[in-house]
Amino acid sequence: MSNGRKVRVKVPASTANLGPGFDTLGMALSLYAWIEMGETEQTGFHLYGDEMKDVPRDKSNLIYKVAQMVFDEAGVSVPELEISMYSEIPLTRGLGSSASAIIGGMVAANALIGSPLSDERIFDMATALEKHPDNVGASLFGGIICAAWDGSHADVIRIEPPEDLEALVVIPEFELATSKAREVIPSSLTVADAVYNISRSSLLTGALASGRLDLIGAAMRDRLHQPYRAALVPGMEAVLAEATQHGALGIALSGAGPTLIAFVDRSESRKGELEAFLTETMRNHGIEAQTKWLQPCRTGALTESMNENGMQNQSFLDMIKGEVRS
Ligand code: HSE
């Protein structure tokens, strides 16, 4: 059993869809959440950072709940948990914060009891909760993932991100619930639009797998969700239409939004121009937005196992201070 044991997990943020690959493609990004979990006598929470201020500190907490799912699945009982979490992933912005919490909680709980569940089982359980595999797959496996979910199992392929690819995210100040951004998508689409998306999603997958950055712009176009979601994100239509003229290889709504994500060649000379174009265009539409340069994250959720004696004399907060960039 897990007496006295504690584990720490570092889990990346993610972007889903990459334009046409709705509910299928995902990429892990270099923004992180850290979770520490240990068995205790009375459940308690230590949640740090601005993103954590409204997160529940009782057994309705998502991390606590997903940990209990893992224990139930493994047939063990660990009712009381001490959970610490720090996250730099903005909430409800389309950067996979809930997926990273689900994956971080599940991976930590599994590690705490000696890892009886496979990553594949965790992936299925996490996808069943999220209802789509794109964000959770990227946070769990890292890199780029393509996944298909049949309602109980997700098949997945992981692609190593091209060396020269980096990302610029534009994070608007306002939040957008995924449920609201899914409601605006029509329940059926024409065969022409389906073909439009299948062909581009396939092309994008191949382009990313083979490092064909030149194809990314054409391949990231979408007719399944972005045209309908554009009304929810002022400035998005203009940004999607023109970003490639300012140095982006391609651009998309990140997941359900409202964040936009531009992919850029690392050697691109117009990075400053692109950043200014994106923020100014959003501002012209009344939206204040923060930009961040991010890297594709090649590793998924990483576990560090500790016991009370063997643990480096480093508290969770000291560890975070050492890891967080600014
Ligand atoms: N594929 C999902 C969507 C991602 O676009 O609704 C949500 O995080």
Side-chain angles (χ1 to χ4, degrees), residues 11-29 31 33 51 62 66 87 89-106 123-124 126-141 144-151 154-157 167 169-172 174-189 193-194 196-198 200-202 204-205 208 219-233 236-237 239-240 250-261 263 294 297 300:
V11 56
S14 58
T15 184
N17 306 327
L18 313 186
F22 183 74
D23 283 0
T24 289
L25 297 179
M27 182 191 289
L29 295 170
L31 264 186
E51 299 302 337
L62 180 61
V66 299
S87 178
I89 308 171
L91 294 182
T92 335
R93 299 298 214 292
L95 289 166
S97 58
S98 74
S100 67
I102 290 170
I103 290 297
M106 286 187 169
F123 185 32
D124 286 344
T127 304
L129 266 184
E130 276 270 284
K131 311 280 185 243
H132 36 83
D134 38 10
N135 293 106
V136 286
S139 278
L140 180 59
F141 298 114
I144 297 164
I145 61 106
C146 331
W149 171 241
D150 69 6
D155 287 308
V156 62
I157 296 240
V169 289
V170 185
I171 310 171
F174 70 95
E175 300 187 7
L176 177 55
T178 299
S179 52
K180 190 174 166 200
R182 289 180 84 86
E183 271 168 20
V184 298
I185 302 171
S187 54
S188 58
L189 72 163
D193 284 352
Y196 188 95
N197 266 63
I198 292 166
R200 281 155 185 84
S201 183
S202 307
L204 181 59
T205 307
L208 291 168
M220 279 180 72
R221 301 209 176 107
D222 161 75
R223 282 192 191 159
L224 193 158
H225 65 113
Q226 293 180 168
Y228 308 102
R229 288 172 160 174
L232 302 174
V233 185
M236 166 177 162
E237 212 170 338
V239 160
L240 293 194
I251 186 157
L253 187 66
S254 180
T259 292
L260 299 158
I261 183 161
F263 290 114
L294 298 175
C297 176

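Numbering of ligands and ligand atoms starts at 1, following listing order.
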*Asks:* Looking at atom 8 (O) of ligand 1, what's its closest protein heavy atom, distance included?
*Replies:*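 Checking every protein heavy atom, the shortest distance to atom 8 (O) of ligand 1 gives Asn135 OD1, 2.9 Å.
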*Asks:* Would you mind running through ligand 1 and noting each atom that sits below 4.0 Å from a heavy atom of Asn17?
*Replies:*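 Under 4.0 Å from Asn17, ligand 1 has these atoms: 1 (N), 3 (C), 5 (O).
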*Asks:* Please list, in number order, the atoms of ligand 1 under 4.0 Å from a heavy atom of Phe22.
*Replies:*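 Those of ligand 1 that fall under 4.0 Å from Phe22 are 3 (C), 5 (O), 6 (O).
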*Asks:* Taking the side chain as every heavy atom from C-beta outward, state whether Leu253 and Asn17 have any pair of such atoms under 4.5 Å apart.
*Replies:*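 Side-chain contact under 4.5 Å: no.
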*Asks:* Looking only at distance, does Asp134 have an N or O less than 3.5 Å from an N or O of ligand 1?
*Replies:* yes
*Asks:* Donor-acceptor check, side chain of Ser139 to backbone of Pro12, threshold 3.5 angstrom: yes or no?
*Replies:* yes
*Asks:* Using heavy atoms and a threshold below 4.0 Å, how should the contact between Arg229 and ligand 1 be classified: side chain, backbone, both, or neither?
*Replies:* side chain
*Asks:* Do ligand 1 and Thr178 have nitrogen or oxygen atoms that lie under 3.5 Å from each other?
*Replies:* no
*Asks:* Mark yes or no for whether Arg221, through its side chain, and Gly19, through its backbone, hold a donor-acceptor pair below 3.5 Å.
*Replies:* no
*Asks:* Looking only at atom types and distance, does a side-chain atom of Ser254 sit under 3.5 Å from a main-chain N or O of Gly94, one as donor and one as acceptor?
*Replies:* yes
*Asks:* Can you spot which of Ile157, Val156, Ile103 makes a side-chain contact (heavy atoms from CB on, under 4.5 Å) with Phe141?
*Replies:* Val156
*Asks:* Nearest protein heavy atom to atom 6 (O) of ligand 1, by residue and atom, and its distance?
*Replies:*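 So the nearest neighbour among protein heavy atoms is Arg182 NH1, 2.6 Å.
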*Asks:* Considering only heavy atoms of Gly255, which atoms of ligand 1 have at least one such atom less than 4.0 Å away?
*Replies:*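 By the 4.0 Å cutoff, the relevant atoms are 5 (O).
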*Asks:* Does ligand 1 have a heavy atom under 4.0 Å from the side chain of Asp23, from its backbone, from both, or from neither?
*Replies:* both
*Asks:* I'd like to know if the side chain of Ser100 reaches the main chain of Ser97, judged simply by a donor and an acceptor atom lying under 3.5 Å from each other, with no hydrogens or angles considered.
*Replies:*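 Yes, the answer is positive, given that a donor and an acceptor are paired below the 3.5 Å cut-off.
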*Asks:* Can you report which non-hydrogen protein atom sits closest to atom 7 (C) of ligand 1, along with the distance?
*Replies:*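 It is His132 CE1, 3.5 Å.
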*Asks:* Which atom names give the shortest non-hydrogen contact between Pro90 and Leu31, and what distance separates them?
*Replies:*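 Closest pair (atom of Pro90, atom of Leu31, distance): CD-CD1, 3.9 Å.
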